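These notes are about the structure you will find just below.
Quick caveat: nothing in here was measured; it's all calculated off a predicted structure.
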Amino acid sequence: MPSGKRTKAMKTETSDKLVVEGGPSDSTKKAQAAKDCGNESSRYWLMKSEPESRMEKGVDVKQFGIEDLKAQPKQTACWDGVRNYQARNFLRAMKVGEEAFFYHSNCKEPGIAGLMKIVKEAYPDHTQFEKGSPHYDPSSKKDNPKWSVVDVQFIRMTKRFIPLAELKVHHQAHKASGGPLENMALFTRQRLSVQPLTKGEFDFVLSLEDKKPS
DNA sequence: GCCAACGTTGGC
DNA sequence: GCCAACGTTGGC
């Protein structure tokens, strides 16, 4: 579920209402999400996706990299396949216009490849109801869907690819003597596929674009 | 391909 | 509600 967003049928025209569906404790979780990333008013995100195809349950699962997003109609896609509650709650907290890093995971060179923005807020993930989808969830009911997606639109590639290894060097240094990447979720919340960044983290990562690879 | 980290499931 | 077994994520 990592990333797993497949290119699929992009339905940008759908008029699904922007209902934020959710269980009873949803507002609590949202509050938690808000707390996790500090300032509620300026939010930044990092979203992981696997750019390379891979075998899953004996089927070749089409993966989705930033080039795939770029190739979509309107360069827009729905971010489906998230199957982790914490990541889902972050999806549900996203607002139109907020920016996110497109992170390539589980590949030769993991790292940040580009920027995208949220263009449609959370609505039910259609793949949870599709038998045969690797993301099918038989326990999810149509009248109370468990999983959500948002629509994202390509903004641009980063001026250069920013490898995980490089971010890690900064994280380690900042951890030792203070700095913006000290608590970056990429390292402190290892397996979270959708995660918030503070403005400080976001700005620092962007500043690396103009620096020589370290 | 290996395996550490960690989320989920299910027996009790 | 505890916790061992199991499955998945994702770097290396």
A:M47 CE to C:dT9 C1', in whole Å, measures 17 Å
Aromatic rings A:H170 and A:F204: how do their planes relate, parallel, tilted or perpendicular, breaks at 30° and 60°?
-> perpendicular
Verify same cluster id: A:W45, A:M157 (apolar side-chain graph, 4.5 Å) = yes
Return the value, rounded to whole Å, for the distance between atom CZ of A:R189 and atom P of B:dG7.
-> 7 Å
Specify the separation, in whole Å, of atom CG of A:L192 and atom P of C:dG10.
-> 8 Å
Please give, in whole Å, the distance from B:dT8 P to A:R88 CZ?
-> 10 Å
Quick one: side-chain hydrogen bond (donor to acceptor under 3.5 Å, both in side chains) partners of A:S177, sequence neighbours excluded?
-> none
Is the shortest side-chain N/O distance from A:Y103 to OP1 or OP2 of C:dT9 below 4.0 Å?
-> no
Distance in angstrom units between A:E50 CD and C:dC12 C1', rounded | 15 Å
Spacing of A:N84 atom CG relative to C:dT8 atom P, expressed in whole Å = 14 Å
Residues in residues 163-176 of chain A with a heavy atom under 4.0 Å of DNA chain C, by number, are A:L164, A:K168
Looking only at heavy atoms, which two atoms of A:L192 and A:A87 are closest? And how far apart?
-> CD1-N, 3.7 Å
Whole angstrom value for the distance that separates P of B:dT8 from CG of A:D137 | 12 Å
Would you say the ring centroid of A:F202 lies under 6.0 angstrom from that of A:F101?
-> yes
To the nearest Å, how far apart are A:F187 CZ and B:dA5 P?
-> 16 Å
Below 4.0 angstrom from OP1 or OP2 of C:dT9, is there any side-chain N or O of A:K48?
-> no
Test salt bridge (Lys or Arg N to Asp or Glu O under 4.0 Å) applied to A:E166 and A:R160, step by step | CA-CA 12 Å; A:E166 183 176 340; A:R160 65 180 179 88; 2.8 Å; yes
